[in-house]
**Student:** 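Shown below is the structure under consideration.
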Amino acid sequence: MLDGQPDPLADEKGQRHIILKRQIENYRRHDPSPKRKLALPHIAIKYLNVTRADNNPRYQAIHDLCTIAWFYLLRVGEYTQTTQTARRRTIQFRLEDVTLWNHTQVLCSTLPLQTLLSQCTAATLRISNQKNGRRNQVIHQEATRDVTCPIAAIIRRVHHIRQHTSDPTTMLGTYFTGHKHVAKQVTVTDITTALKNTVQVLGLARYNITPADISSQSLRAGGAMALHLGGVPAHTIKILGRWSSDTFLIYIQEQITGFSAGLSTQMSSTPLTPNAAIQPTLRLLNS
């Protein structure tokens, strides 16, 4: 077709052959429905920070990235390494994509760690390209000053990387280990394994959250769930998560309890303006 030839899959009317239509429909009917991964609650992020290994660069990076991804609603491909040969549109966040703030003033990221932790009030991440084709979008969050503070996690990442290299294009998911300071990348498997272990240790199965229900996507879904249950408007969640529609609701449809709270009361109390056709039925119900 790209060469200007007729579509070999279409009939003389330009429509898909009926056999192909039936075959594709049959595939659709037999395909199992996708099982969505569940949203990760904030307690899991707290556990990852409390148990953060101060002497292990790999686990430090994994735990910090989990915190950042949860608060910033990041896609897993924006902060982890896949394979060297994999081609993808999304570009990971790099050192140069991070801006640290002290209120309205930009902080130099080369300042001492404790200075940054005490003075930094917010951080901005700028993504060069993402899978939906949008470029140069920014995500901004403020410091919470508690154990799960996403700004502290970003500062630790920046400080660790700057201790070993000044290359501004170094990926935020990079960590250096060994006496030769070899650069390595946090992978999707690293993130998923850490989350599954966390769910197991915390015994979240009692809340119907099992390790099998969790993946790296659970961080993005968990942040969206927390925002929604916190009363944040849907359009704000879409902006922060860079969704172009209400697809963020799909991420958390398995945990619909939080969304349905109070809905039955609202539905039963909705005023009606009945027409004449249903008046007899309403009189019967009210009698």
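Bear in mind that the values here come from a model prediction, so they are computed numbers and not experimental data.
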**Student:** Indicate, with yes or no, if V147 and I43 share a hydrophobic cluster defined by side-chain heavy-atom contacts under 4.5 Å among Ile, Leu, Val, Met, Phe, Trp and Tyr.
**Tutor:** no
**Student:** I'd like to know if E25 and K21 make a salt bridge, using a cut-off of under 4.0 Å between side-chain N and carboxylate O.
**Tutor:** no
**Student:** Salt bridge or not for R94 and D97, using N-O below 4.0 Å?
**Tutor:** yes
**Student:** Could you please spell out the steps behind the side-chain contact (heavy atoms from CB on, under 4.5 Å) verdict for Y47 and T198?
**Tutor:** CA-CA 7 Å; Y47 173 82; T198 298; 3.5 Å; yes
**Student:** How far apart are the closest heavy atoms of C149 and T144, and which atoms are they?
**Tutor:** CA-OG1, 3.1 Å
**Student:** Would you name the heavy atoms of T67 and T148 that are closest together and state the gap between them?
**Tutor:** CG2-O, 3.4 Å
**Student:** Under a 3.5 Å cutoff, is there a donor and acceptor pairing between the side chains of S109 and R162?
**Tutor:** yes
**Student:** What is the distance from atom CD of Q163 to atom OG1 of T110, rounded to the nearest 0.5 Å?
**Tutor:** 12.5 Å
**Student:** Considering non-hydrogen atoms only, spot the tightest contact between A212 and K37 and give its length.
**Tutor:** O-NZ, 2.9 Å
**Student:** Report whether Y207 and L38 are members of the same hydrophobic cluster (ILVMFWY, side-chain heavy atoms less than 4.5 Å apart, transitive linking).
**Tutor:** yes
**Student:** Which one of L100, T124, L65 satisfies the side-chain contact (heavy atoms from CB on, under 4.5 Å) criterion with I154?
**Tutor:** L100
**Student:** Mind checking the CZ-CZ spacing from F93 to R157? Nearest 0.5 Å is all I need.
**Tutor:** 14.5 Å
**Student:** Where is the tightest heavy-atom contact between I68 and P150, given as atom of each residue plus distance?
**Tutor:** CG1-O, 4.1 Å
**Student:** Kindly assign one of parallel, tilted or perpendicular to the pair F71 and H42, based on the angle between their ring planes and the thresholds 30° and 60°.
**Tutor:** perpendicular
**Student:** Which pair of non-hydrogen atoms, one from T192 and one from S216, has the smallest distance, and what is that distance?
**Tutor:** OG1-N, 3.4 Å
**Student:** Are R156 and D64 within salt-bridge range, i.e. N to O under 4.0 Å?
**Tutor:** yes
**Student:** Any idea how H140 and W101 line up, ring-wise: parallel (<30°), tilted (30 to 60°), or perpendicular (>60°)?
**Tutor:** perpendicular
**Student:** Indicate whether any N or O donor in one side chain lies under 3.5 Å from an N or O acceptor in the other, for Q81 and T187.
**Tutor:** no
**Student:** Does the pair D11 and R16 meet the rule for a salt bridge (charged side-chain N to carboxylate O under 4.0 Å, His left out), with working shown?
**Tutor:** CA-CA 6 Å; D11 58 22; R16 255 327 166 233; over 6 Å; no
**Student:** Applying side-chain contact (heavy atoms from CB on, under 4.5 Å), run through Q119 and L107 and close with a yes or a no.
**Tutor:** CA-CA 8 Å; Q119 295 187 9; L107 284 175; 3.8 Å; yes
**Student:** In terms of hydrophobic clustering (I, L, V, M, F, W, Y; side-chain heavy atoms under 4.5 Å; direct or indirect links), are M171 and I155 co-clustered?
**Tutor:** no
**Student:** Search all heavy atoms of L195 against all heavy atoms of S215 and return the closest pair with its distance.
**Tutor:** CD1-O, 3.4 Å
**Student:** Rounded at 0.5 Å granularity, tell me how far CD1 in I151 sits from CZ in R145.
**Tutor:** 9.0 Å
**Student:** Do L125 and I239 belong together in a cluster built from hydrophobic side chains that touch within less than 4.5 Å?
**Tutor:** no
**Student:** To the nearest 0.5 Å, tell me how far L172 CG sits from T80 OG1.
**Tutor:** 11.5 Å
**Student:** State plainly whether the residues R242 and E78 are in salt-bridge range, i.e. N to O under 4.0 Å.
**Tutor:** yes
